[in-house]
Engineer: 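Have a look at this one.
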2 protein chains.
Amino acid sequence: MNAKLHHVVNPRVSTDCVIFGFDNSKLNLLLITRKSKQSGESQRMALPGDLIYEDENLDQAASRVLGELTGLKDIYLQQIGAFGDPERLSASEDRDWLESVREQPDALVITVAYFSLVNMRDYAPQASSFAASARWVPLEMVRELAFDHHDILNAAKRRLRETLKNKPVGFNLLPEKFTLTQLHHLYEAILDKPLDKRNFRRKMLKLNILTRLEEKQKGVPHKPSRYYTFNQENYERLSDTGYNNFDF
Amino acid sequence: MNAKLHHVVNPRVSTDCVIFGFDNSKLNLLLITRKSKQSGESQRMALPGDLIYEDENLDQAASRVLGELTGLKDIYLQQIGAFGDPERLSASEDRDWLESVREQPDALVITVAYFSLVNMRDYAPQASSFAASARWVPLEMVRELAFDHHDILNAAKRRLRETLKNKPVGFNLLPEKFTLTQLHHLYEAILDKPLDKRNFRRKMLKLNILTRLEEKQKGVPHKPSRYYTFNQENYERLSDTGYNNFDF
DNA sequence: CCAAAAGTGTTGAAGTTACACCCATGC
DNA sequence: GCATGGGTGTAACTTCAACACTTTTGG
């Protein structure tokens, strides 16, 4: 049952996952609380993360850890980078917990961070392993996090915005069929600023990654919106090449 | 003398540096050979890299290791990311060397890679520590590298091109005073394609990061070129914000 | 005067921004 | 019929790509 019995742990390297969820209006962050002596009240929430095994690569480790702690599987994770400040685990608030789960609570552990964006409705977090709970927290409500997780979150936000500037985003975030307004709201949520509706639509349509469906919204008390899907082939091509701005 | 006597090594985490050098026409890569039983002939060259210490952060570790092996100091290093495939150190060609320098030659070590761009003329590599030699190798001549260093190099190249698309590059690469032609050649070297001279100049000048000097080249058998310097303030501002392409 | 690299301008096409009204539906 | 969000066009402006000739110097 306990996978750690069957794998050798690398005691110096962990992985942490920054999972953004979109609920059609706001960005949320997947966080866990940890089983420990401390009551849930005072404990700071944390990004899902744990030590890696010797016989897996970093990408696999991140997927595995995310699945073990929150139940989320089959998510495409992108590496953000490594974080290794010697002070990163030293906050006294997090001490109890480290002592309860780590064989070497004082080891200096570097962590390799990953991020992803998903459609919240497709993924209901379910805590297991040492996670006492796993849930979506609206990004604007996120305050204190364990360890250096706030630094990691900030790096993830920066990376997400950079990604948006260079390539299309949305494939894994929206329902299969979606309206341009949903996509519009997603971009506004990530960039955290309003975007002109007409210009957004024009620009997005010109990218040639959207297929317009005949189907429309039903039962809405206003003009029904058309649904679109992503054209997977063009979307992937554009994801690979990027937008080629400032091309010289 | 041996710094390792005074520091505790983290036996599972190393750092490797991809240092690109520009000589006003082509890109070069800083590589080392390692002291080992094998003759220099058959040994594959390697990126400068070594295990980190417990009491330094990753950025410090990269700077220190680079300095120890090649003598290069005070270089601004940017993290590329972590590489941790369990197979990454397993090539038999590199076995001898690992056994000679590592207390735990079989440990699975993840590495955190860094890159930088410098003006070759400002930095003459000088091998020390376990490096038998350290030298600039023209990028197009680089063939086989030790371990997974070719993967790391490819990631660095990709990252460098992405950087170029989003922000100005050149501050640390060119002499303090430089000509637009030098800058032009630098961009061509990084992108590995020819760029239109007039359009390049217009675009670059419009960024407002260059200060035109009155001084001109002397002793050249053709029309002398004007020198420019970077306007540090504007350069840094633009580096921080990026070019803001695809701005919606 | 020749060789070498520096430096410069225009035009047509494409893209960008800013902005306001009518449309389809449920109740 | 009214409230709600969906959907559309244009004009002024800026940016972009493509392209060839003149200038200044050393020898």
Side-chain angles (χ1 to χ4, degrees), chain A residues 23-26 164-166 168 174-175 177-189 191 193-229 238 241-248, chain B residues 23-26 164-166 168 174-175 177-189 191 193-229 238 241-248:
Chain A
D23 64 358
N24 293 337
S25 71
K26 299 200 173 240
L164 199 67
K165 276 201 329 197
N166 288 320
L174 293 170
K177 303 171 197 174
F178 53 88
T179 68
L180 279 178
T181 302
Q182 285 178 291
L183 189 59
H184 184 190
H185 288 159
L186 170 60
Y187 271 67
E188 289 187 327
L191 295 173
K193 68 179 184 191
L195 303 172
D196 182 88
K197 182 167 54 156
R198 279 173 291 191
N199 293 337
F200 176 83
R201 286 166 174 247
R202 197 196 345 266
K203 207 156 178 173
M204 198 48 80
L205 289 169
K206 195 156 24 163
L207 296 178
N208 247 322
I209 56 174
L210 299 179
T211 306
R212 188 173 110 153
L213 303 179
E214 289 312 307
E215 189 181 349
K216 294 178 188 174
Q217 283 180 318
K218 286 204 176 100
V220 289
H222 55 75
K223 179 170 176 177
S225 180
R226 255 181 208 283
Y227 286 116
Y228 289 79
T229 54
L238 200 53
T241 64
Y243 292 145
N244 261 31
N245 294 317
F246 210 77
D247 215 6
F248 281 96
Chain B
D23 64 0
N24 292 338
S25 69
K26 297 198 175 247
L164 198 67
K165 276 199 332 192
N166 287 320
L174 293 170
K177 302 171 195 172
F178 53 88
T179 68
L180 278 179
T181 301
Q182 286 178 290
L183 189 59
H184 183 189
H185 288 159
L186 170 61
Y187 272 67
E188 289 186 327
L191 295 173
K193 68 178 184 191
L195 304 172
D196 181 89
K197 182 166 55 156
R198 280 173 289 190
N199 293 338
F200 175 83
R201 285 165 175 249
R202 199 196 342 267
K203 208 155 177 172
M204 198 50 80
L205 289 169
K206 193 153 29 155
L207 295 178
N208 247 322
I209 56 176
L210 299 179
T211 307
R212 187 174 109 151
L213 303 179
E214 289 312 307
E215 188 181 352
K216 294 179 189 173
Q217 285 180 318
K218 285 202 176 100
V220 289
H222 55 75
K223 179 168 175 177
S225 180
R226 256 181 206 284
Y227 286 115
Y228 288 79
T229 55
L238 200 53
T241 63
Y243 291 144
N244 261 31
N245 295 316
F246 211 77
D247 215 7
F248 282 95

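Atoms considered below: every heavy atom in the structure, side chains included; atoms not considered: hydrogens, waters and symmetry mates. All values derive from a computational prediction rather than experimental measurement. In what follows, chains carry the letters A, B, and so on, assigned in the order in which the sequence lines appear, proteins first and then strands, with residues in each chain numbered from 1.
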Engineer: Need to verify one output field. Residue with the more 5' nearest nucleotide on DNA chain C, A:K197 or B:P224?
Structural biologist: B:P224
Engineer: Which sits closer to the 5' end of DNA chain D, A:R226 or B:P221, going by the nucleotide each is nearest to?
Structural biologist: A:R226
Engineer: Over how many whole Å does the gap from A:R198 atom CZ to D:dT10 atom C1' extend?
Structural biologist: 10 Å
Engineer: Are side-chain heavy atoms of A:P175 and A:Q182 found at a separation under 4.5 Å?
Structural biologist: yes
Engineer: Rounded to the nearest 0.5 Å, what separates atom NZ in A:K216 from atom OG1 in A:T179?
Structural biologist: 13.5 Å
Engineer: Quickly work out the B:F178 CZ to C:dA6 P distance and round it to whole Å.
Structural biologist: 14 Å
Engineer: Which whole-number value in Å describes the distance from A:L180 CG to D:dG6 C1'?
Structural biologist: 10 Å
Engineer: Whole angstrom is fine here: how far is it from NZ in A:K218 over to C1' in C:dA24?
Structural biologist: 15 Å
Engineer: Rounded to the nearest Å, what distance is computed from the CD atom of residue B:Q217 to the C1' atom of nucleotide D:dT24?
Structural biologist: 11 Å
Engineer: How many whole angstroms separate atom NZ of B:K216 from atom P of D:dT24?
Structural biologist: 8 Å
Engineer: From C:dG9, C:dG7, C:dA18, pick the nucleotide closest to the side chain of B:K223?
Structural biologist: C:dG7
Engineer: Whole angstroms only, please: what is the CZ-C1' distance between A:F200 and C:dT17?
Structural biologist: 16 Å
Engineer: Return the value, rounded to whole Å, for the distance between atom CD of B:Q182 and atom P of C:dG7.
Structural biologist: 11 Å
Engineer: I want to check one thing: is the phosphate of D:dG7, taken as OP1 and OP2, less than 4.0 Å away from some side-chain N or O of A:S225?
Structural biologist: yes
Engineer: What's the verdict on side chain to side chain contact (heavy atoms under 4.5 Å, CB included) for A:Y228 and A:L180, showing C-alpha distance, side-chain angles and the deciding distance?
Structural biologist: CA-CA 7 Å; A:Y228 289 79; A:L180 279 178; 3.7 Å; yes
Engineer: Return the nearest nucleotide to the side chain of A:H222; candidates are C:dT16, D:dT4, D:dG7.
Structural biologist: D:dT4
Engineer: Between C:dG7, C:dT16, D:dT24, spot the one nearest the side chain of A:K203, thanks.
Structural biologist: C:dT16
Engineer: Going from CZ on B:F200 to CG on B:D196, what distance comes out if it is rounded to the nearest 0.5 angstrom?
Structural biologist: 11.0 Å
Engineer: Checking all strands, does B:T179 fall into the base, sugar-phosphate, or nothing category for heavy-atom contacts under 4.0 angstrom?
Structural biologist: nothing
Engineer: Would you say the ring centers of B:F178 and B:Y227 fall short of 6.0 Å from each other?
Structural biologist: no
